[in-house]
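Worth saying up front: this structure is predicted, and the values here are computed from it rather than measured. Letters A, B, ... are given to chains in the order of the sequence lines, protein chains preceding strands, and every chain is numbered from 1.
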Protein chains: 2
Amino acid sequence: MLDIAEVAQRSGLAPSALRFYEKKGLLSSNGRNGLRRTYEPEVLHRLALISCARRAGFSVAEIGRFLLAMPGDTAVQQQMAVKAAALDEDIARLRRMRDSLDHASTCTHEPLVECPEFKRMLAP
Amino acid sequence: MLDIAEVAQRSGLAPSALRFYEKKGLLSSNGRNGLRRTYEPEVLHRLALISCARRAGFSVAEIGRFLLAMPGDTAVQQQMAVKAAALDEDIARLRRMRDSLDHASTCTHEPLVECPEFKRMLAP
DNA sequence: GTGCGACTTGAAGCGCGGTTCAAGTCAAGC
DNA sequence: GCTTGACTTGAACCGCGCTTCAAGTCGCAC
């Protein structure tokens, strides 16, 4: 059993963030020792998942829905498929952006924003 | 010359957003007709660039710095290179996330979050 | 048993990226 | 010249994702 400070340290999240996630339903403490939350070590996996999804641009609410997903919950699974497709677009956009930045970091075009190479970033 | 309503419509941005960007230094109206802003058509390119960068996760402040970049401004160009490298990581993370979601959308693993396939998402 | 310090709570606050609102100004059509 | 209605402004407000704060509660060492 871990206490909140330990979970915070090992997950890299602030204790306030852990309480916030709990309030939002992403997390549950296993029990209490007096007032104090106690956590099972598995919570660290869940937190890693949450952090990863946050960095990938999922909102806290979305993550909550996914974490509650039951197998066979076709509605949520469909949402996931939709989200996966959206990620494909995100990835393509980020690639164009990266290529443009790669170029821009060595470009000497007069107003940089007018550089045609740079403008490729703007494609659909 | 375009007025703000036209620019808003053609750029897909709200007039309030255009004024917001102007206040933040990302944009400038070409002049005024009375009180009213007038825009050169080129502003649409700049707005496309801004929208694209926003979707790619750049903050408004970052975009402002990049738009002000002079060629040969090595500090900003270095920032761009750094950002390009960061995008590489973002892209890799998004790809893992997409693969996991692809799997999750058809997975029947009991608690989905325990599915080992799904957990690949959590790699560094 | 009495501090101490780390936890608890709810509420308020913050930065971001805008949107909305109230009050005012103006160009153009009648 | 007067209305109309789209613009102008600054300030207030919003949702998100937390963080911070004040006030209270507890476990543990002494």
Side-chain angles (χ1 to χ4, degrees), chain A residues 1-40 43 46-68 79 83 86 90 93 97, chain B residues 1-40 43 46-68 79 83 86 90 93 97:
Chain A
M1 285 301 173
L2 306 170
D3 83 341
I4 199 172
E6 204 155 356
V7 173
Q9 194 226 313
R10 308 229 293 209
S11 68
L13 292 164
S16 58
L18 299 179
R19 287 190 285 263
F20 176 74
Y21 288 157
E22 185 173 330
K23 193 158 28 178
K24 295 294 182 178
L26 274 65
L27 210 61
S28 58
S29 47
N30 192 55
R32 297 291 181 116
N33 177 18
L35 276 184
R36 303 178 180 202
R37 288 163 180 82
T38 57
Y39 293 98
E40 291 174 346
V43 80
R46 180 173 274 242
L47 288 171
L49 171 60
I50 292 170
S51 294
C52 184
R54 286 289 301 126
R55 268 172 295 152
F58 290 76
S59 72
V60 169
E62 272 174 337
I63 296 170
R65 285 200 296 281
F66 289 162
L67 286 177
L68 286 172
Q79 273 185 50
K83 200 73 186 165
D90 291 351
R93 195 153 13 75
M97 185 68 64
Chain B
M1 283 301 173
L2 307 169
D3 82 341
I4 198 171
E6 204 154 357
V7 173
Q9 195 226 311
R10 308 230 293 211
S11 68
L13 291 164
S16 59
L18 299 179
R19 287 191 284 264
F20 176 73
Y21 288 158
E22 183 172 333
K23 192 157 33 176
K24 294 293 185 179
L26 276 62
L27 210 60
S28 57
S29 48
N30 191 55
R32 297 290 181 116
N33 176 19
L35 275 184
R36 302 178 182 202
R37 289 164 179 81
T38 57
Y39 295 97
E40 292 176 343
V43 80
R46 180 174 274 243
L47 287 170
L49 171 60
I50 292 170
S51 295
C52 184
R54 287 286 302 125
R55 267 172 296 150
F58 289 77
S59 72
V60 170
E62 271 174 337
I63 296 170
R65 285 199 296 281
F66 289 162
L67 286 178
L68 286 173
Q79 273 185 51
K83 200 72 187 169
D90 290 352
R93 196 155 12 76
M97 184 69 62

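- Contacts of A:R37 with the nucleic acid, taken as non-hydrogen atoms under 4.0 Å apart, involve only primed sugar atoms and P, OP1 or OP2.
- Of the candidates C:dT19, C:dG18, D:dC18, the closest approach to any side-chain atom of A:A17 belongs to D:dC18.
- Comparing D:dG17, C:dA27, C:dT8 by their nearest atom to the side chain of B:N33 picks out C:dA27.
- Heavy atoms of A:R19 sit under 4.0 angstrom from at least one base atom.
- The phosphate of D:dT9 (OP1 or OP2) has a side-chain N or O of B:R32 nearer than 4.0 angstrom.
- For C:dG17, the OP1/OP2 oxygens have no side-chain nitrogen or oxygen of B:Y21 closer than 4.0 Å.
- Checked by distance alone, B:R36 brings no side-chain donor or acceptor within 3.5 Å of a matching partner on the base of C:dA27.
- When atom types are taken as modelled, the side chain of A:T38 and the backbone of A:G31 share a donor-acceptor pair closer than 3.5 angstrom.
- Closest to the side chain of B:F20, from the set D:dC18, C:dT19, D:dC7, is C:dT19.
- Residues A:L67 and A:R46 form a side-chain contact, since some pair of their non-hydrogen atoms from C-beta on lies under 4.5 Å apart.
- Comparing atom distances between the A:S16 side chain and each of C:dT8, D:dT19, C:dG17 picks out D:dT19 as nearest.
- If you measure from atom CD1 of A:I50 to atom P of D:dC16, you get 17 Å, rounded to the nearest angstrom.
- Atoms CG (B:L13) and P (C:dG17) sit 14 Å apart, rounded to a whole Å.
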